[in-house]
Structures are given as C-alpha cells and as structure tokens.
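Notes follow the structure.
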Amino acid sequence: MRVRLDISYAGAAFHGWATQRGLRTVQGELETWLARLLRCDAVALTVAGRTDAGVHARGQVAHFDLPEEFSVSDFEELELVRRLDRVLPSDVVVRKISLAPPGFDARFSAIWRRYVYRLADGTFDPLAAGYVAKVISPVDVTLLNQVSGVLLGLHDFVAFCKYRSGATAIRTLQRVSAERVGEIIELTVQADAFAHSMVRSLTGALLQVAAGRRDESWLKALLDRSDRCGEIPVMPAKGLTLEAVGYPPDCELEQRATQARMLRELN
C-alpha cells in the first residue's frame, strides 16, 4: 500500500529536503519518526520537489510504501497524523496522511509545482524576516510582469540552473506573475517541474530587469544559452516557499508518471 503525506515546513534550520549524513534534513526527520511509529527498519520517502537548504514548503507532497504485513485496517488504526504531531519538531508538520490511489507517485505523477518568492524593496514587518528576502533597488512590478512573458512555455532553462550530470533543464514554465501584498512583493512561478536552483535564478534574472539593470532582450537571450549564465544572481533561499503541487485525475496518474520519466526534448 502506498501512503501519501501532505507536509509543511519552515526551512531555516534544515539543510534542505534530502537526507545527508550528519546534517538535519526534512526527509531525515520524517523517515526517522515514521520508522519508529511503524516499528519497521526503515521508511523511504519519495518527494514531489527536493527543496534546497533554507527553502520553505507549505504544500509539499511525498509518498512511501507500507510494509507488506500492514492491512488497510492496520493503517487506519495508526492515527499517524496525531502521533507525528506529538513527536515532530515544531518546524515541520504533516498535515494529512492518506492511502494513495493506484498509480500515484508524488514526484512523477505531478503535473505542476507552484512556488512563491517573497521579497521586499522597502521597510517591512521584521517578524516576516524569516521568509522574506530584502532587496536594495526598487522593483518595478508592472515591468516585471510585462517582461516575464518571454520565459513562458517550453524552453531549456540551463542558463538558470546548476549543472547536474545526466540531467536536463528542459521545462514548461506555466506561470510567472508578481504582485504587491502590503509591504511584500510576491512572485509566483509555476512549471511542470523545476531544475536545481531554477526558481531563485529566475527571480534573480527578473529582478535585474525590474530594477533597470538589464532589458528584455537580455532576458530572452538567456533561453538560447547552452550553459549556466554567471550574470544571473541566485536569490537567497529564505524568500522561497513551495506552495502547492498539482496532480491529474486519479485515472491519469500512472500515465503521467510514465510520461514524466521520459527524457525531455524541446520538440
């Protein structure tokens, strides 16, 4: 039986999602406590999006497979949400645990991930300092929204990503939009998937244009590069939050997972 977890966490004290020897990670905390509560040797979580050190999540999704000896009634009697709430540290919360439908894969079944980068170009509530990045130059939000359209669609975003052997940065960017919410600017970015450091680099590039340092032609030219661009600033991790992950109807989960495992191509 496959189990789905809906998770939120404050990333400041974590070295990212993925387990690392000797370091505190979200995956490490959850797998440790799940194994103890299930009284099994190990639990292996698969996640929708592996967040970097310092990045937060409000709508992260993961799954794991229950040992074969568990039945549906056994799972229901575990009351894992309540028990996890009693043992997990305050900076990570499992909001919901449910049996996953057939074909569900937290990573490969997803059809979109939505992030929000929060920043401030003026004074703001110091209580928000843990999840808002401060920028010095004024941000022209109207201009940012005007130029962001050149990034939409299917592109190779290698200029915005850290190189990983055997990986591709071809992605479909579905949405880029910014708005001022009180003292904070919220930049929403949504795609079918994201490569390593892609959202923070996209934000950094857009802010270069919105602050008047670069123009739209520079931004558009980045999509034609075949290597990472050192001119793009990578924004601080603390401003970034994974807000939600989207999935297709249950009947399409397995088909989507199969499709997502295939090598991406621009055509």
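Along the sequence shown, residues carry numbers from 1.
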Q: Apply side chain to side chain contact (heavy atoms under 4.5 Å, CB included) to Val43 and Leu30, showing your working.
A: CA-CA 9 Å; Val43 169; Leu30 290 172; over 6 Å; no
Q: Could you walk me through whether Leu223 and Asp156 pass the side chain to side chain contact (heavy atoms under 4.5 Å, CB included) test, one step at a time?
A: CA-CA 6 Å; Leu223 298 174; Asp156 190 340; over 6 Å; no
Q. Where do Thr51 and Tyr115 land on the side chain to side chain contact (heavy atoms under 4.5 Å, CB included) test, with the steps shown first?
A. CA-CA 11 Å; Thr51 51; Tyr115 285 85; 4.1 Å; yes
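Both the sub-6.0 Å distance and the 45° axial angle are not jointly satisfied by Arg171 relative to the ring of Phe157.
Between Tyr247 and Phe104, the ring planes are tilted. Angles from 30° to 60° get that label.
Partner Asp105 forms a salt bridge (Lys or Arg N to Asp or Glu O under 4.0 Å) with one of Arg4, Arg261, Arg256 and no other, that one being Arg261.
Contact annotation: the side chain of Glu179 never approaches that of Ile185 to less than 4.5 Å [non-hydrogen atoms, C-beta and beyond]. For the pair Val176/Leu173, a side-chain contact is recorded, criterion being any heavy-atom separation below 4.5 Å from C-beta on. Val3 is not listed as a side-chain neighbour of Ser98, based on a closest heavy-atom distance of 4.5 Å or more. Annotation: side chain of Phe160 is not in contact with side chain of Val199 (no heavy-atom distance under 4.5 Å). With contacts defined as side-chain heavy-atom distances shorter than 4.5 Å, the pair Leu187/Val189 qualifies. Side-chain contact check for Leu78 versus Asp74: every heavy-atom pair is 4.5 Å or farther apart.
For the residue pair His15/Asp52, the side-chain donor-acceptor check at 3.5 Å is not satisfied. Residues Ser8 and Arg95 bring a donor and an acceptor atom of their side chains to less than 3.5 Å of each other. Side-chain N/O atoms of Arg175 and Ser177 include a donor and acceptor closer than 3.5 Å. Between the side chains of Arg213 and Ser137, at least one donor N or O lies within less than 3.5 Å of an accepting N or O. Side chains of Trp218 and Glu231: a donor-acceptor N/O pair is present below 3.5 angstrom, by distance only.
Comment: Arg58 does not engage Asp6 in a salt bridge, judged by the lack of any side-chain N to carboxylate O separation of less than 4.0 angstrom.
Closest approach of Lys238 and Ala133 over heavy atoms only: CE-CA, 4.2 Å. Smallest separation of non-hydrogen atoms from Tyr9 and Ile7: CD2-CG2, 3.9 Å.
Under the side chain to side chain donor-acceptor pair (under 3.5 Å) criterion, the residue pairs touching residues 30-50 are Gln27-Glu31, with sequence neighbours excluded.
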